[in-house]
Number of protein chains: 2
Amino acid sequence: MSLPHAILGVLEARPMSGYELTRFFDSTARWVWTAPQSQIYPLLRKLEADGWIVGEEQVRGERLRRTSYSLTSAGLDELGRWLTETYAEPNVRDGLLLKALFFDLADAEGASSVLAEHVLELEERVSQWSAHRVALVARDTPLLRERLDHRPESEHERIALLKAHVFEYLIDQAELRIRWCRDTMTMLG
Amino acid sequence: MSLPHAILGVLEARPMSGYELTRFFDSTARWVWTAPQSQIYPLLRKLEADGWIVGEEQVRGERLRRTSYSLTSAGLDELGRWLTETYAEPNVRDGLLLKALFFDLADAEGASSVLAEHVLELEERVSQWSAHRVALVARDTPLLRERLDHRPESEHERIALLKAHVFEYLIDQAELRIRWCRDTMTMLG
DNA sequence: ACATACATGTAAATGGTTACATGATTTA
DNA sequence: TAAATCATGTAACCATTTACATGTATGT
């Protein structure tokens, strides 16, 4: 649903091939939006058909080609349109909360260890988000640098801080969840 | 993925027909997990085939039948197993954060109004969650009362508080998000 | 008599995940 | 020369959403 626009947003920084996008959505972008390769390649062809991106065939080596896609001005317009379009919050669908709702029917030990494992997973994420947030504030991520290269310097600080603020939310939200898990563990006794 | 177990958990309170479950997942349960009718009916037949629930045909009026499903002891076991099974946190996929990540490319007015509308939606949810939380603490929801009826009284308080605590999380998390939206609006200028 | 609620079903489409498949190029 | 990385593709499956379809019972 949002993947097409996620791709447009990434390509605004610089042109990329399907392979590069796949790696990006599996590494850095993974912390905000993920997509497997099988979703990316067909979508790139669709976005090109819509005129929002253009692919340029590049020759590497003897017979290895790769297609580098760049954002068109129609694509940038579409991105701007989508950004100000009303956001419809999806229905809540949180598997952990669903379990917690029935924890009184479970063995307390088992329920506690589900929460403990979850806390570890969240702490892992927090540390990666924190590192990325610091890098954004320092304007020290490869993609952000390429992005800022074609934007006026007067806007650089605002752009970096807006992006870093997104990661601040991810961190705060995970920390709230960690506290909640610990409280629940206490209640389970 | 979690819907089968959500249904088992609901049926632990009391037997219900597909129609009742549909209404429940569209009203009260909506605030934790939603499911449309088209998902529920086929799933009930599957859960019965698995032996986790049993349907009892009831005759209402002349030729109107309805099937009331109740949890079997195998179903209760399966619910217990699922509750203590490791929870795998799904990938982050938050459409609002994705927009926010690119808000520097959008008209500031438009971006702000997306956030303002979102705040209204969240406030709406908070008020419904709060009401439900209060009802749970007071042990004053129809389903909770039926649930407590077949549980020892010594456990009643713990059960009610555990459930209410889930709603506390939903509320706190939405309030954090509201604050973040407001901060972002300030940053947009 | 008409509208609303009760009751159950199917079909089509979308979005996402996992797995399979193929082959070239680079690096150890 | 073997393993890792580059590069692109398809197929099958699962969960979810939206829409269509049908008929009965009840309350106004």
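Note that the coordinates shown come from a computational prediction; the quantities given were computed from them, not determined experimentally.
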*Check step by step if salt bridge (Lys or Arg N to Asp or Glu O under 4.0 Å) holds for A:R23 and A:E20.*
CA-CA 5 Å; A:R23 288 209 333 165; A:E20 284 177 286; over 6 Å; no
*Do the rings of B:W180 and A:Y169 sit parallel, tilted or perpendicular, given the 30° and 60° boundaries?*
tilted
_Gap separating the CG atom of B:L188 from the CZ atom of A:R158, nearest 0.5 angstrom_ = 5.5 Å
*How many angstroms lie between atom CH2 of A:W31 and atom NE2 of A:H132, to the nearest 0.5 angstrom?*
11.0 Å
Please report the distance, rounded to the nearest Å, between [atom1] in [X] and [atom2] in [N].
X: A:Y69; N: D:dA7; atom1: OH; atom2: C1'; answer: 12 Å
X: B:R65; N: D:dT22; atom1: CZ; atom2: P; answer: 16 Å
X: B:H5; N: D:dA15; atom1: NE2; atom2: P; answer: 11 Å
X: B:D26; N: D:dT16; atom1: CG; atom2: C1'; answer: 14 Å
X: A:L21; N: D:dT8; atom1: CG; atom2: C1'; answer: 13 Å
X: A:R66; N: D:dG9; atom1: CZ; atom2: C1'; answer: 17 Å
X: B:E57; N: C:dA7; atom1: CD; atom2: P; answer: 12 Å
X: B:E20; N: C:dT8; atom1: CD; atom2: C1'; answer: 14 Å

*asked:* Heavy atoms within less than 4.0 Å of DNA chain C: which residues of residues 7-15 of chain A have one? Give them sorted by number.
replied: none
*Within residues 30-47 of chain B, residues whose heavy atoms come under 4.0 Å of DNA chain C*: B:Q37, B:S38, B:Y41, B:R45
*asked:* Could you go through A:E123 and A:R182, starting from their C-alpha distance and side-chain angles, then the distance that decides it, and tell me whether this counts as salt bridge (Lys or Arg N to Asp or Glu O under 4.0 Å)?
replied: CA-CA 13 Å; A:E123 280 170 342; A:R182 297 212 166 109; 3.0 Å; yes
*Let me see the working for B:M16 and B:L11 under side chain to side chain contact (heavy atoms under 4.5 Å, CB included), right down to the final yes or no.*
CA-CA 7 Å; B:M16 283 194 196; B:L11 294 182; 3.7 Å; yes
_Non-hydrogen side-chain atoms of B:R30 and B:Q128 separated by less than 4.5 Å_ = no
*Evaluate salt bridge (Lys or Arg N to Asp or Glu O under 4.0 Å) for A:R14 paired with A:D149, printing each intermediate quantity in order.*
CA-CA 10 Å; A:R14 68 168 174 87; A:D149 278 352; over 6 Å; no
*Find out if a path of hydrophobic residues (ILVMFWY) with successive side-chain heavy-atom gaps under 4.5 Å connects B:F103 to A:L143.*
yes
_Candidate pair B:E175 and B:R179, rule salt bridge (Lys or Arg N to Asp or Glu O under 4.0 Å), full reasoning_ = CA-CA 6 Å; B:E175 282 173 349; B:R179 285 194 299 277; 5.2 Å; no
*Looking at residues at least two apart in the chain, or sitting in another chain, which of them share a side-chain contact (heavy atoms from CB on, under 4.5 Å) with A:S38?*
A:P36
*Could you tell me whether A:E157 atom CD has more than 12 heavy atoms of other residues or ligands within 6.0 Å of it?*
no
*Can you tell me if CZ on A:R151 sees more than 12 non-hydrogen neighbours from other groups inside 6.0 Å?*
yes
*State whether a side-chain donor-acceptor pair under 3.5 Å links B:T184 with A:H165.*
yes
*asked:* side chain to side chain contact (heavy atoms under 4.5 Å, CB included), that's the test. Do B:Y19 and B:R66 meet it? Break it down for me.
replied: CA-CA 9 Å; B:Y19 185 75; B:R66 85 161 176 183; over 6 Å; no
*Five pairs at each end of the helix from C:dA1-D:dT28 to C:dA28-D:dT1: take the axis at both ends and give me the angle between them to 10°.*
20°
*Begin from the C-alpha positions of B:D104 and A:K163 and carry the test side chain to side chain contact (heavy atoms under 4.5 Å, CB included) through to its verdict.*
CA-CA 9 Å; B:D104 58 279; A:K163 283 182 200 291; 3.5 Å; yes
*Check each residue of residues 80-101 of chain B for a non-hydrogen atom within less than 4.0 Å of any atom in DNA chain D, then write out the ones that pass by number, or none.*
none
Identify the pairs formed between an N or O of the protein and an N or O of nucleotides 3-5 of chain C at a distance under 3.5 Å, and give each distance.
none

